[in-house]
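Accompanying notes for the structure given below.
Remember, it's a predicted structure, so these values are computed and weren't measured experimentally. In what follows, residues are counted from 1 in the order of the sequence shown.
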Amino acid sequence: MDGPMAGRWRIAARFLAFSLLVPVMAAASPARAADPSLRPVPITTPAGELGALLAPVPVIITDAANPHGVMRLDNISTLAERFTISVDDYLLDAEGRASPAPPDYAFGSAAWYRFTPTTFTLPPGTSRDVTFTVDVPPGAPAGDHLAAVSVTVEAAEPGATGDVRSVLVLENRLQHRIPGARPEAPQLTLAADPSTGAVDFTGRIVNDGNTVLAYQTDPRATIELRSTVPWAGSDPERTLVLASFYVGPAAERVVRHTWTDPPLIGFYRATLVLPGTGSVPTSSADTEFVVVNWPVLAVLGAVLAAVGLVVLTRRRRARA
């Protein structure tokens, strides 16, 4: 079997082999099995073959007692690959979009990290441990300092494998805590807009402390919905689970969620609930709203009016 169909079968066979190979390799490696901070990340090489990069979980946390760390990078593809590591300061705006931090950003830390090595080539089926050290300058303010480490993977000989050079850019958050951290409960507000038939929620979280407030693992941040009619119970009628997010020190974040299938008519109280993190207690904010799905009600009204007209017309004809 030749031609495009044969190529598709070869890619499918490689995908199946890769999906079977990763669990076997993880089980066969005591170092990986013992280290929960490593996770497989699938990548595609320029030749269309499947490989994987074992990298740390999205957050690498250090402090004065633990200023060192190790990242293990694996190349289990059939091509030699070139790895490049870089660190940058960044900021998240209120909508969660990342941008480079200004030079005077108080909670940056990119210049503190020293990775060894920063550029290297891995032959197929080999691994390398990359060590790093955090060197905090005197007088750095207390709290959590953020940076982003990027691992770029390229074909070692791009000219031999096509025009595509970059096959993966993996970005993980670096977070270093300096003694004197001051976690604070966030200030919350919640608004609901039911004007479109669905209900659009907007929550604003303001972090006045100097530590990261993370809502990225269970229990997650939620919006609890309770009916406010007199005969309703006190338990939530519906719980909406928000996507993971975090709020940096001295920063704010807007989170959005849409309730896509509210009833035609209803009276509700929505509660944004942020679970406690460490010494920060659980916090919440409420808002009340009324659901009236006018578009659907208008359609139902038109249908009922049409049915009523038909029935009335038949009755008149029957009397005549």
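- One finds no salt bridge joining Arg226 and Glu237 here, because no Lys/Arg side-chain nitrogen approaches an Asp/Glu carboxylate oxygen to under 4.0 Å.
- Using a 4.5 Å heavy-atom threshold, the side chains of Pro186 and Tyr215 count as touching.
- A donor-acceptor pair is defined here as one N or O able to donate and one able to accept, closer than 3.5 Å; such a pair exists between the side chain of Asn207 and the backbone of Thr211.
- Counting all heavy atoms, side chain and backbone alike, Pro194 lies closest to Ala192 at CD-O, 3.7 Å.
- The OG atom of Ser99 sits 6.5 Å away from the CG atom of Asp93 when rounded to the nearest 0.5 Å.
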Gln175 and His145: side-chain contact (heavy atoms from CB on, under 4.5 Å), yes or no, with the steps? CA-CA 6 Å; Gln175 180 176 316; His145 292 254; over 6 Å; no
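- In this structure, OH on Tyr113 lies 8.0 Å from CD1 on Ile60, to the nearest 0.5 angstrom.
- Rounded to the nearest 0.5 Å, atoms CH2 (Trp259) and CZ (Phe289) are 5.5 Å apart.
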Check: Are Ile223 and Leu242 close enough, and set up right, to give a side-chain contact (heavy atoms from CB on, under 4.5 Å), and what steps lead you there?
Finding: CA-CA 7 Å; Ile223 295 176; Leu242 302 184; 3.9 Å; yes
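- Shortest non-hydrogen contact noted between Leu272 and Thr189 is CD2-O, 4.2 Å.
- Smallest separation of non-hydrogen atoms from Ala181 and Ala142: N-CB, 4.3 Å.
- No close placement of the Tyr90 and Tyr105 rings is indicated, their centers lying 6.0 Å or farther apart.
- Side-chain contact between Val151 and Thr84 is absent, with no heavy-atom pair separated by less than 4.5 Å.
- Ser279 contributes atom OG, which lies 10.0 Å from atom CD of Glu184 (distance to the nearest 0.5 angstrom).
- Applying the side-chain hydrogen bond (donor to acceptor under 3.5 Å, both in side chains) test between Arg177 and each of Thr62, Asn66, Asp144, Asn210 identifies Asp144 as the sole match.
- In this structure, the side chains of Leu274 and Ser283 come closer than 4.5 Å at one or more pairs of heavy atoms.
- Side-chain contact between Glu81 and Leu122 is absent, with no heavy-atom pair separated by less than 4.5 Å.
- No continuous path of ILVMFWY side-chain contacts below 4.5 Å connects Val212 to Val59, so the two sit in separate hydrophobic clusters.
- One finds the CD1 atom of Ile205 at 9.0 Å from the CG atom of Leu190 (value rounded to the nearest 0.5 Å).
- Remark: side-chain polar atoms of Arg269 are not paired, donor with acceptor, to backbone N or O of Glu288 under 3.5 angstrom.
- Here the closest heavy-atom approach between residue Thr121 and residue Ala80 is recorded as CG2-CB, 4.4 Å.
- Under a cutoff of 6.0 Å and an axis angle of 45°, Arg128 and Phe83 do not form a cation-pi pair.
- For the side-chain hydrogen bond (donor to acceptor under 3.5 Å, both in side chains) test with Thr271, the passing option among Thr239, Asp286, Thr222 is Asp286; the others fail.
- In this structure, Asp135 contributes its side chain and Trp112 its backbone to no donor-acceptor pair below 3.5 Å.
- A cation-pi geometry, defined here as NZ or CZ lying under 6.0 Å from the six-membered ring centre and within 45° of its normal, holds between Arg173 and Tyr246.
- Distance check: Phe120 CZ to Thr118 OG1 gives 9.0 Å after rounding to the nearest 0.5 Å.
- Using modelled atom types, one finds a donor on one side chain and an acceptor on the other under 3.5 Å when comparing His68 with Thr133.
- Donor-acceptor pairing under 3.5 Å is recorded for the side chains of Asp200 and Thr258.
- Without hydrogens or angle criteria, Arg97 side chain to Leu91 main chain gives no donor-acceptor distance under 3.5 Å.
- Taking 4.5 Å as the limit, some side-chain heavy atom of Val136 sits within range of a side-chain heavy atom of Ile178.
- One N or O on the side chain of Thr126 and one on the backbone of Pro123 form a donor-acceptor pair closer than 3.5 Å.
- Annotation: side chain of Leu73 is in contact with side chain of Ile85 (closest heavy-atom distance under 4.5 Å).
- Under 4.0 Å is where a charged nitrogen must lie from a carboxylate oxygen, and between Arg72 and Asp129 at least one such pair does.
- Taking the charged nitrogens against the carboxylate oxygens, Arg256 and Glu95 do have a contact shorter than 4.0 Å, which makes a salt bridge.
- For His257 and Phe201, the distance between ring centers is not under 6.0 angstrom.
- Side-chain atoms of Thr282 come within 3.5 Å of backbone atoms of Gly276 as a donor-acceptor pair (strictly under, hydrogens ignored).
- Between Leu146 and Asp89 the shortest side-chain heavy-atom distance does not fall below 4.5 Å.
- Using a 4.5 Å cut-off on side-chain heavy atoms (C-beta onward), Arg220 and Pro275 make no contact.
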